[in-house]
Amino acid sequence: MTKTQSVLDKDSKTILEALGVENLSGRDAEEVVSAALDHVNKVILETVVLSLDEKQLVDFKAALQKETFEEEIAAITAKVPGLADAIEEAVQKEFLVLRAAKERLDLKK
Amino acid sequence: MESALRLEVAGGESLDAELAQAKTELQLLEDTFAGDPDANETEFESQKQALLAKIAEIEERQKTAAVAITPEVATPEAPPQLETKIVEEGPPPPDAETAVTEAMEEPSAVEAAVAAAVPEAPPEERKRLVKLLRTPEAAKNLGKKVGSFLKSLLPKSSWKGGWKEILAGGAAGAATRYAIRAAYGSNIWWAAGAGAAGGAMTGAVREILVQRKRLVSAADIRKQLEETKDMTKATLIVTKAEEAYKNAWISGDEEDVRRLAEELRTVKEYISGEVETESHLGEKERILSILKHADKIQEEIPATKRKEVEELLKTINFERGPLQRRKIAGAAMRGALVGAVGGAVGGALASWISEHINIGGAATEEVILKKTEAATRAASQELQQELLAKKAEVSAGATARAMEKAQEELLTQKFSAAAEKGEGATHVARKLIHDYLANQNHLNPDEFSGFSTEQLVWAEDALQRTVGTPGGIAVQPEMRWEFTGNEIKSILEKARGLSEEQMKSLSGLLKDPAHRLSSKTLEFMTNWEGVTDEANNFWSEAREAAEAAGRDAAAEAQATFETTRAAAEEITTEKATGAAQKAMNATLMRVLKYGGVAATAIGVGVLAKKKGSVITGAIRERLASRGERKGGAVESTLGIGGVPPPTPSEIAPESDAARPQDAITQSAPAAETAPATSPEEIPKTSEAIEKFEESWRQKGVIIRTNVSSFKEFTDLVSKLEKIEKVFNKIGIERLKSSVFSLITEEESFRGASGTLRISVNQGPEAIQKFLEENLPSVEQKA
């Protein structure tokens with residue numbers, strides 16, 4: 001399963017596994033998934049915004065001000081070459097870094 | 001359980017790293033190839049295939065590893081069985097074709113596909129091609145073909161190398177595959193056209209990936225580390241530093257590797273004493289702490305210097321709440337995935353254009369070849385004439401200059417003569433003058449050519465007085481007299497200046513029997529072919545030197561000619577390519593105008609990637625090897641009426657090359673046993689082919705003949721003449737909706753999209769039978 005898909009689906013199990021905290025459950029798990037999703041969303045947004053050209057950037061800013069921002073943003077990002085793969089790569093890398101950092105701490109415990 | 005989990009994770013990461021490295025190598029290879037015009041394409045393809053195979057193998061290992069472990073310990077990288085199942089179920093539902101057709105209606109999709117397929121074509125050419133491809137009929141047909149093209153790839157590709165090849169990089173990643181899989185059976189195709197533009201722009205995709213990689217910089221890692229006293233943050237920094245180091249190691253940049261290794265060592269040493277500070281935290285707290293610091297690091301280390309981008313990110317990340325952020329990111333992701341689907345379409349479209357609208361087709365190449373041959377022949381003949389004139393001029397000039405020099409030297413040469421028994425001073429003087437004039441005759445025949453007997457007699461007399469008087473010594477046999485050329489010439493010049501009266505007087509004197517000269521004496525005096533004494537022969541050496549100078553000059557002229565001819569060939573080849581280009585465009589226009597033409601029938605057009613030097617190089621090579629090669633394509637295509645013969649107005653002014661374009665030839669495999677064509681045969685064959693094709697064209701039938709020898713041509717003509725009778729029986733009109741290929745190889749009949757391939761070897765009867773049986777269905781298809 002792609003990381004993008006897990007984020008889109010808010011797939012708790014996959015996200016916890018990706019972070020190496022699959023033993024968490026209940027409220028703890030929800031808290032971690034929520035924080036992780038928010039962080040990964042920032043990563044996704046950074047990837048998206050960095051991939052936009054000047055015009056798309058202007059359109060993106062304008063879209064944010066509209067009620068139908070979701071449709072407008074989707075229409076903009078659909079035209080960015082290779083963006084889906086760029087997001088996937090960025091998200092995957094971020095999960096790996098987070099997991100590696102956590103394991104480093106685990107080892108030092 | 002935990003140790004087992006770690007083991008699997010480690011294994012998965014190792015495969016990830018291997019996969020990443022292989023992908024990086026592939027990317028580097030492609031970048032290197034794209035940036036190097038002299039790169040060896042065969043070698044590149046071989047390396048690329050090896051890397052693709054390696055990637056596929058690693059992905060396979062990942063799958064196996066994922067299947068082997070239990071669901072509880074499955075790593076996120078393990079693709080679920082469902083994915084594979086969908087892929088292996090077969091082609092996507094039919095609505096894919098409709099979606100592709102809709103995608104084709106997006107102007108930018110076709111523009112991008114054309115730009116990707118023919119990147120070097122001039123903008124106006126691309127614009128024209130886009131216009132042609134976007135006519136409703138052409139778009140519909142192309143949409144169908146691209147849809148079928150995508151469908152045909154699905155069952156056999158299994159998401160491995162095939163997709164990477166066909167979908168041209170940008171649309172080949174995991175997310176795209178996911179998007180395409182998700183799209184089948186859903187209505188996600190709605191915006192495929194938008195992404196099709198992106199997918200076609202593989203160059204842009206690559207650039208984005210390259211740019212993003214450049215953002216990974218660890219230059220200020222240590223600085224960041226020194227500023228933080230926070231263990232978790234430091235740990236994240238270390239991880240990033242390790243990643244940067246790993247990337248630098250893979251990229252092979254020695255300077256980066258050295259610098260990043262130093263950074264990493266410093267970082268590791270720095271954090272070693274700080275571990276205990278946060279080690280008391282539980283698992284949840286640790287990961288939350290890491291996430292919190294990851295947010296901070298993202299904020300503190302901007303990935304861009306573009307102010308407006310930075311501000312936009314701040315707006316989203318700090319002024320909007322998590323829910324809004326999630327909606328924005330979700331929308332962006334959905335758009336990106338839809339774009340990826342369209343990207344696949346665009347990639348396929350570009351790939352299809354690249355594959356099928358191909359200047360490298362045999363017909364096109366043949367046109368260019370013929371045009372080039374003709375142009376080169378004409379240029380060579382013209383140049384040859386120029387060369388002859390030039391060589392003669394240069395050679396004569398060089399010889400004349402050498403002769404002039406020899407004449408000058410003659411003045412200082414010493415002429416000698418001796419009296420034989422019974423001879424006096426006059427005989428000696430006669431010999432000296434004779435030998436001087438003989439030299440002059442060979443070096444500059446015009447100089448004394450009009451000299452009269454009277455003048456010669458006067459000169460002899462003047463000289464004999466000089467000979468006879470020195471010291472009052474009487475002329476004795478064996479005694480030699482010596483005069484310089486200048487001395488003799490002075491006397492001759494004086495003789496040249498004799499007055500009319502003096503001449504008359506001398507003339508009268510010579511008529512006097514006492515002074516009359518015998519015919520033998522007269523012959524000797526006026527015949528200046530040889531010398532009386534070889535010691536007085538100065539012209540032979542001088543002439544040889546002058547002729548050598550002429551030869552050298554001619555050789556130089558020849559060399560100049562060769563250079564000029566090469567340049568002319570280059571120019572004419574370029575011109576021929578240009579003319580063929582225009583002709584191909586004209587053909588494409590007609591093909592698109594009439595629509596319904598099979599993909600293979602569009603085998604001409606514009607394709608910049610094989611244009612220019614590549615084309616001219618190939619043609620030159622073919623020209624060079626034409627007389628030597630064995631076998632070759634022996635194929636003739638009859639385009640009958642489906643695409644009518646071009647009218648004069650349809651052919652561009654310089655497009656003689658347009659003439660045979662209406663029908664398309666695909667090269668048949670070379671027959672090793674076919675006879676070679678000698679260089680002498682080429683013009684003969686070429687002329688015969690032209691006559692033959694013209695005779696058919698007048699009947700409204702376009703024939704393209706591609707043979708490699710005159711014998712092959714005559715064999716083919718003989719077979720076609722028999723088949724012509726069959727065609728006449730059936731009636732040309734009935735055949736006008738199809739394109740017929742006649743080939744000399746054994747091949748079973750097959751009809752597809754209005755194209756019938758008929759083996760000439762099967763004989764007229766078999767062809768007639770086949771046509772009678774199949775023509776209605778073929779007409780229907782067409």
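Annotation for A:Leu98 and B:Ile287: closest pair O-CD1, 4.4 Å, computed over non-hydrogen atoms.
Using a 4.5 Å cut-off between heavy atoms, A:Glu31 contacts chain B through both its backbone and its side chain. For A:Ile76, no part lies under 4.5 angstrom from a heavy atom of chain B. With a 4.5 angstrom heavy-atom cutoff, A:Val48 touches chain B only via side-chain atoms. Proximity to chain A involves both the backbone and the side chain of B:Ile328, based on heavy atoms less than 4.5 angstrom apart.
Of the candidates A:Thr77, A:Ile44, A:Val43, A:Ile87 forms a side chain to side chain contact (heavy atoms under 4.5 Å, CB included) with just one, namely A:Ile44.
Looking at A:Glu30 and A:Arg27, a side-chain N of the basic residue comes within less than 4.0 Å of a carboxylate O on the acidic one, giving a salt bridge.
Taking CG of A:Leu52 as the start and CG of B:Leu312 as the end, the distance is 8.0 Å to the nearest 0.5 Å.
Within 6.0 Å of the NZ atom in A:Lys61, the count of heavy atoms belonging to other residues, nucleotides or ligands exceeds 12.
Looking only at heavy-atom pairs under 4.5 Å with chain B, the residue among A:Glu54, A:Glu94, A:Glu72 that has the most is A:Glu54.
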